[in-house]
There are 2 protein chains.
Amino acid sequence: MPNQTEKTPPNFSIAVTKLREMIFSSELGPGTDHLETELAQTLGMSRTPVREALLVLEAQGLLTMRPRKGVRISPLSPDDMSEIYDVLTELESLAAADAARAGYNADDLKALTQTISDMDKALAIEDREGWAQADDRFHQELMRLGGNSRAARIVGMMADQVRRARLVTLYMRPLPIKSNEDHTKVLNAIREGDEETARLLHREHRLSAKEMLTTLLQRHRLNKI
Amino acid sequence: MPNQTEKTPPNFSIAVTKLREMIFSSELGPGTDHLETELAQTLGMSRTPVREALLVLEAQGLLTMRPRKGVRISPLSPDDMSEIYDVLTELESLAAADAARAGYNADDLKALTQTISDMDKALAIEDREGWAQADDRFHQELMRLGGNSRAARIVGMMADQVRRARLVTLYMRPLPIKSNEDHTKVLNAIREGDEETARLLHREHRLSAKEMLTTLLQRHRLNKI
DNA sequence: ATCCTAATTAATGTATACTTTAATGAATGC
DNA sequence: GCATTCATTAAAGTATACATTAATTAGGAT
């Protein structure tokens with residue numbers, strides 16, 4: 001008998017997913033306004049679940065609801081980017097330290113190790129998007145290993161907020177060779193259980209990434225992205 | 001002519017406010033379940049705005065919506081408390097460092113200074129609740145001075161999540177004399193523009209607060225609060 | 001022509017009625 | 001007597017109709 005257990009998620013959570021994708025893909029561009037009615041039409045559902053989804057996305061900082069003007073997709077300025085990277089820096093460094101302290105063995109660190117070799121492979125063939133995806137997985141896995149679920153959720157939200165900008169800068173920046181060396185060093189510190197080194201190395205890694213991205217945005221006059 | 005500009009906020013934001021108050025006051029106790037319909041009745045409005053409010057509060061981590069079982073007011077375990085304090089520690093320390101770097105003058109730091117003297121006054125008459133309120137304002141003002149709006153929002157959310165627990169432990173803990181010395185040292189480091197000292201002092205301050213509160217909860221067997 | 005006022009309107013905010021779904025309990029078969 | 005299936009039902013999920021409100025425009029007075 002075919003396992004007919006295809007549970008359809010409720011419309012409002014479908015709406016959350018779809019709207020997020022539309023924001024990341026710039027189908028809903030930064031700074032643009034959209035009426036609840038239009039979005040409902042687009043998604044093929046009534047305003048109710050759409051509105052609920054919008055409230056969630058607003059709480060996550062992806063948009064703001066402005067009565068009678070539609071929802072505004074939050075644009076990112078270099079300053080916003082800087083704020084977000086500072087938060088990422090602190091919470092990921094915490095995770096790196098916690099992971100080091102946890103005393104994980106090689107097997108526990110397999111997934112993290114894998115993301116690094118994936119990045120290496122992608123770099124070898126200059127596949128920037130492949131690298132970016134593996135890089136995302138590295139940071140996600142790091143947060144998982146850190147073991148602070150709240151920090152992980154926040155980092156996830158912040159990462160979402162800079163997703164568009166990262167995509168734009170992905171082809172402007174130099175090939176992230178240095179970045180990958182950083183990752184390896186952080187991994188080693190975690191493997192060796194060296195809490196403070198892991199924290200500091202990761203901090204440096206993030207600070208230089210922030211520096212690179214914000215100057216890149218400013219140089220290209222990308223004030224709203 | 002009397003300024004008749006009393007704008008009534010929309011019901012769903014009233015609901016957010018009221019529900020939060022009910023959670024903080026334990027009128028909606030930790031771990032308890034509540035139906036949308038009941039809450040709507042209690043608040044004297046229809047399910048629609050209540051549901052919207054609940055989604056927002058869920059995004060803020062104060063409750064979880066569990067289909068057919070009602071919304072569950074999130075209880076806090078000592079582990080949760082530990083997670084939250086770790087996040088607070090990192091982001092507030094960042095703010096302390098940023099505030100020190102910003103080079104504020106005495107006037108800019110007036111509000112922060114004021115909260116410390118308020119705490120002193122409250123301590124002198126052993127007014128614990130007065131102290132707690134001033135302490136809250138200290139941490140809020142510190143985040144404001146830090147200038148990272150996202151970090152400030154996150155810290156606000158996390159502070160909300162531990163509000164109940166802090167209230168419970170307020171009368172169990174020793175009078176927070178040491179805590180207040182810490183605050184003063186942090187203020188001085190900020191005043192002197194000593195970024196790393198401000199960061200480290202505040203970190204120590206938060207770490208010892210965490211230590212104190214989590215052991216207090218465990219000693220009193222308060223596993224769900 | 002300009003400013004004020006009032007009507008219009010378009011979008012949000014809210015209530016309600018309806019649909020779907022999962023938990024509970026009853027009934028039937030083994 | 002136990003398990004399995006079906007009916008019941010209560011709650012969430014959704015659509016829709018309606019109320020509210022703020023922006024915009026038209027009209028009139030100065």
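Every chain is numbered from 1, with letters handed out A, B, ... down the list of sequences. Side chains included, hydrogens not; waters and symmetry mates left out as well; all remaining heavy atoms used.
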Q: Scan nucleotides 19-23 of chain D against the protein and return all N/O pairs shorter than 3.5 Å with their distances rounded to 0.1 Å.
A:
residue : atom : partner : partner atom : Å
D:dT21  : O2   : A:Arg68 : NH1          : 3.0
D:dT21  : O2   : A:Arg68 : NH2          : 3.4

Q: Rounded to the nearest angstrom, tell me the gap between atom NE2 in A:His34 and atom C1' in C:dA11.
A: 16 Å
Q: Under the ring pair (Phe, Tyr, Trp, His ring centres under 6.0 Å) test, which residues partner B:His34, sequence neighbours left out?
A: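 With neighbours one apart ignored, the set is empty.
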Q: What's the CZ-P distance between A:Phe12 and C:dT19, to the nearest Å?
A: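 Between P of C:dT19 and CZ of A:Phe12: 21 Å.
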Q: With sequence neighbours left out, which residue pairs that include part of residues 212-225 of chain A fulfil the salt bridge (charged side-chain N to carboxylate O under 4.0 Å, His left out) condition?
A: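 Counting only pairs at least two positions apart or across chains, no salt bridge (charged side-chain N to carboxylate O under 4.0 Å, His left out) contact touches residues 212-225 of chain A.
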Q: Under a 4.0 Å heavy-atom cut-off, which of residues 36-61 of chain A touch DNA chain D?
A: A:Met45, A:Ser46, A:Thr48, A:Pro49
Q: Holding to salt bridge (Lys or Arg N to Asp or Glu O under 4.0 Å), I want the full list of residues that pass it with A:Arg137, two or more places apart in sequence or in another chain.
A: A:Asp118
Q: Only counting residues at least two apart or in another chain, list the ones meeting side-chain contact (heavy atoms from CB on, under 4.5 Å) with A:Asp80.
A: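 By the side-chain contact (heavy atoms from CB on, under 4.5 Å) rule, A:Asp80 matches A:Leu76, A:Ser77, B:Arg150.
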Q: Looking at residues at least two apart in the chain, or sitting in another chain, which of them share a side-chain contact (heavy atoms from CB on, under 4.5 Å) with B:Leu35?
A: B:Glu38
Q: Nearest whole Å is fine: how far is D:dA12 P from B:Met65 CE?
A: 8 Å
Q: Return the value, rounded to whole Å, for the distance between atom CG of A:Asp33 and atom C1' of C:dA11.
A: 13 Å
Q: State which residues pass side-chain contact (heavy atoms from CB on, under 4.5 Å) with B:Glu27; sequence neighbours excluded, sorted by chain then number.
A: B:Met22, B:Ser25
Q: Applying salt bridge (Lys or Arg N to Asp or Glu O under 4.0 Å), name anything that partners A:Arg166, two or more places apart in sequence or on another chain.
A: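 Per chain and number, A:Arg166 pairs via salt bridge (Lys or Arg N to Asp or Glu O under 4.0 Å) with A:Asp135, A:Asp136.
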Q: How about B:Met81 and B:Leu213: do any of their side-chain heavy atoms sit closer than 4.5 Å?
A: yes
